Amino acid sequence: MAKYAHNYLSFPFTLGVVAILLMWVGWNIPDKMDVAWLKAGGGMVRHKHPPAGRFNAGQKMIYWIVVIGGSAVAASGYLLMFPFYATDIAGMQWAQMVHGIVAVLFVAAMIAHAYIGTIGMEGAFEAMWDGTVDVNWAKEHHSAWLDEATADGPKTPPPQRRMAPAE
């Protein structure tokens, strides 16, 4: 059953990777600010957070790990699911190695990402849960994004109540 689930779930996995690519590619192009962020260790080494846009270099790295790693796992998996349609035995062996190695590295990166996004960084889980961040948290972690967002003056914050269906 696990093999069937693995094979059939490859199609929604691939659609998810494509959706992630299309939805956030514009926000995840590396720039000079990311180099400075990496040199400062993302604020974890010197305990002073460097400026960052909407997504910092660490978040952009996770994005590209998902897009590139997910694409490699999907492509190699399809070669294995449909043997000898696009490659010979040597290609199948390469696909097997790529699929296994990239999948293990991908899972390790996702475990690290889950740790940092939940208990590894104060405020990160709340930001992920409801899609908003405190102004002070934004100043500390994404100051360039906050400056850009508030350049036109303060904007009306979203309502703090839960959304209710229209009746």
Side-chain angles (χ1 to χ4, degrees), residues 1-47 49-134 137-138 140-142 144-145:
M1 292 305 292
K3 173 138 176 39
Y4 287 118
H6 182 90
N7 288 348
Y8 285 116
L9 290 174
S10 68
F11 299 107
F13 174 82
T14 303
L15 289 175
V17 170
V18 170
I20 288 168
L21 171 69
L22 297 175
M23 289 188 322
W24 290 306
V25 69
W27 292 101
N28 287 285
I29 304 298
D31 57 21
K32 291 179 183 178
M33 200 178 325
D34 297 323
V35 174
W37 190 92
L38 289 169
K39 285 181 181 177
M44 293 186 185
V45 176
R46 297 183 185 143
H47 302 290
H49 292 278
R54 181 175 181 190
F55 296 114
N56 62 40
Q59 292 165 322
K60 290 178 182 181
M61 286 191 304
I62 286 294
Y63 172 83
W64 289 109
I65 287 170
V66 168
V67 169
I68 295 168
S71 297
V73 166
S76 60
Y78 291 134
L79 288 174
L80 296 171
M81 274 180 29
F82 305 107
F84 305 113
Y85 282 103
T87 187
D88 59 1
I89 191 72
M92 294 291 295
Q93 290 172 336
W94 274 104
Q96 184 72 38
M97 288 188 296
V98 167
H99 194 73
I101 292 168
V102 174
V104 167
L105 294 173
F106 186 88
V107 169
M110 293 306 104
I111 290 170
H113 175 65
Y115 167 75
I116 291 172
T118 53
I119 59 175
M121 180 178 292
E122 186 178 352
F125 182 77
E126 291 80 9
M128 179 180 56
W129 185 257
D130 64 11
T132 61
V133 295
D134 180 76
W137 193 90
E140 186 177 349
H141 296 277
H142 297 272
W145 171 68

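What's counted below: heavy atoms across the whole structure, side chains too, no hydrogens, waters or symmetry copies. This one's a predicted model, so the numbers in the text were calculated from it and none came from an experiment.
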### Query
Do you know the tightest heavy-atom contact between Gly69 and Phe106?
C-CD1, 4.2 Å
### Task
Flag the pair Leu21 / Val17 as yes when at least one side-chain heavy-atom distance between them is below 4.5 Å, and no otherwise.
no
#### Entry: Heavy-atom closest contact (Thr14 atom, Tyr78 atom, distance)
OG1-OH, 2.7 Å
### Query
Do any N or O atoms from the side chain of Asn28 and from the backbone of Trp24 form a donor-acceptor pair under 3.5 angstrom?
yes
### Query
Can any side-chain N or O of Asn7 pair as donor or acceptor with the backbone N or O of Tyr4 at less than 3.5 Å?
no
## Note on the structure
What one should report as the nearest heavy-atom pair of Ala40 and Pro50 is CB-CG, 3.8 Å
### Query
Using 30° and 60° as the class limits, which term best fits the ring planes of His142 and Trp137: parallel, tilted or perpendicular?
tilted
### Task
Check whether any side-chain heavy atom of Val25 sits under 4.5 Å from a side-chain heavy atom of Trp64, and report yes or no.
yes
### Query
Distance from His99 atom NE2 to Ile101 atom CD1, nearest 0.5 Å?
12.0 Å
### N/O donor-acceptor pair under 3.5 Å between Asp31 side chain and Asp34 backbone
yes
### Task
Would you check if Leu38 and Met61 make a side-chain contact, meaning some heavy-atom pair closer than 4.5 Å?
yes
### Query
Of all heavy-atom pairs between Met92 and Leu79, which one has the smallest distance, and what is that distance?
SD-O, 3.5 Å
### Query
Donor-acceptor pair, Tyr115 side chain versus Met110 backbone, under 3.5 Å?
no
#### Entry: Where Ser76 and Ala95 come nearest, the two heavy atoms and their spacing
CB-O, 3.6 Å
### Distance, nearest 0.5 Å, that separates CG of Leu80 from CD of Gln93
11.0 Å
### Close side-chain approach of Trp145 to Val133, heavy-atom, < 4.5 Å
yes
### Task
For His113, look at atom NE2 and say whether over 12 heavy atoms of other residues, nucleotides or ligands are found less than 6.0 Å away.
no
### Task
Return the minimal non-hydrogen interatomic distance between Met81 and Ser10, and the atom names on each side.
SD-OG, 3.7 Å
